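This is a predicted model, so every value here is computed, not measured. For ligands, and for the atoms within them, numbers begin at 1 and follow the listed sequence.
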Amino acid sequence: MVPVELAGTVKALVLIGGFGTRLRPITYTVPKQLIPLAGKPLLYHVFDLIPRDVEEVVLATGYKAEVIDAYVRSHPTPWPVRTVAESEPLGTGGGMKNAGAGMSDPFYLLNSDVVTSGDLTELLALHRRRSGVGTMALAEVEDTRPYGVAALGTDDRIDAFVEKPEPKDAPSHWINAGFAVWAGSVLDRIPPGRAVSFEREVIPELLPLGMYAFRLHKYWEDAGTPERMLRSQQLLFGDGRGGPGGVPAGALGTGPVAAAPGVRAEGASFGPFVTLGEDVTVERGAHVENSILMAGTHVEKEAMVVSSLLGPKVRVRAGHRVSGQTLGEGVEA
Ligand code: GTP
């Protein structure tokens, strides 16, 4: 068995090339991974999962690749980060193939929208003990419909994997949590030069080679929809990953609020779970709770924002109520 101390030779590949369609209209101008929750962009919460001793992190980018690249270059990370952009979307498998040259054996693979307490060092240790071709983190959920679902056998071997099944066809409630460890040889099985779904085209071929489950027992969420992004924010705050909490200077209420530099909120009030981006203004008498307000957004006096995602430079007019909405950059409500 290879000792876990050799974790330093491992690299991580992060898939970050999707369009984020379920978070439109915000994702027309801001890539999903740069939407801030609990005080920092989703991507940097994913980065927090990656052990400090990995050798390199490779981002397989596509949609808004240059925006992501610029952000990562100007915000420090514990390891070197390299981006490899796709000129057209290659899907999950195609993205892995395109960015996978020089990957370690094994390597971490992560989606860029997972929020979890899962421990990647434990995942790698389990992978090494099982000596299969891959070890996939699985989360237990009630509604399996949007996910890939695993059938589990002896020693948590994954016997079958069904992508987005009808509930009656789901073999269990354990779903692909969006991060895994794979043997380097897995990349050789992905056809080059075209779009490939790793889940639909490659995983079925890998099952006979031995794939194992790493069951998650604390929290997990996929932040890919507005509702799930707000739920993810609650989980992160609940886990102490949203900063010191409290409310901005001169404001009232409970918080926790994660406020970026330049926020002004004297006389405003806040319920729990709020992120305020740079230069957000919430005027006197306005109230915000369970929401994300991106940079430059302005909530005028006596307005209310509840359970909503507001893109950059949104304006909520005095006395208006915004509830359960996702508003794109520059919208006036
Ligand atoms: P939706 O459009 O709302 O479904 O979001 P998405 O585009 O992010 O798709 P999904 O959540 O299913 O993607 C899972 C992960 O794979 C995310 O981290 C995506 O960024 C990534 N991904 C999806 N498609 C591609 C692709 O074509 N290339 C690369 N490199 N990554 C992708």
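Using a 4.0 Å cut-off to heavy atoms of I16, the atoms of ligand 1 that qualify are 20 (O), 31 (N). Atoms of ligand 1 found under 4.0 Å from any heavy atom of K32 (numbered from 1 in listed order, with element): 5 (O), 6 (P), 8 (O), 11 (O). Distances below 4.0 Å separate heavy atoms of R22 from the following atoms of ligand 1: 1 (P), 3 (O), 4 (O), 5 (O), 11 (O). Contact atoms of ligand 1 toward P89: 27 (O) (distance under 4.0 Å to a heavy atom of the residue). Under a 4.0 Å criterion applied to the non-hydrogen atoms of D113, ligand 1 contributes the atoms 11 (O).
When Y147, F19, F198 are ranked by how near their heavy atoms come to atom 7 (O) of ligand 1, first place goes to F19. Which of T92, L23, L59 comes nearest to atom 16 (O) of ligand 1 through a heavy atom is settled by distance: it is T92.
Between G91 and ligand 1, at least one N/O pair is under 3.5 Å apart.
With sequence neighbours left out, the ring pair (Phe, Tyr, Trp, His ring centres under 6.0 Å) criterion links F214 to no other residue. Qualifying ring pair (Phe, Tyr, Trp, His ring centres under 6.0 Å) partners for F47, counting only residues two or more places apart in sequence or in other chains: Y44, W79.
Distance check for atom 13 (O) of ligand 1: every protein heavy atom is found at 4.0 Å or beyond.
The shell of residues lying under 4.0 angstrom from ligand 1, judged by heavy atoms, includes Q33.
For atom 19 (C) of ligand 1, the nearest non-hydrogen atom of the protein is G18 N, 3.7 Å.
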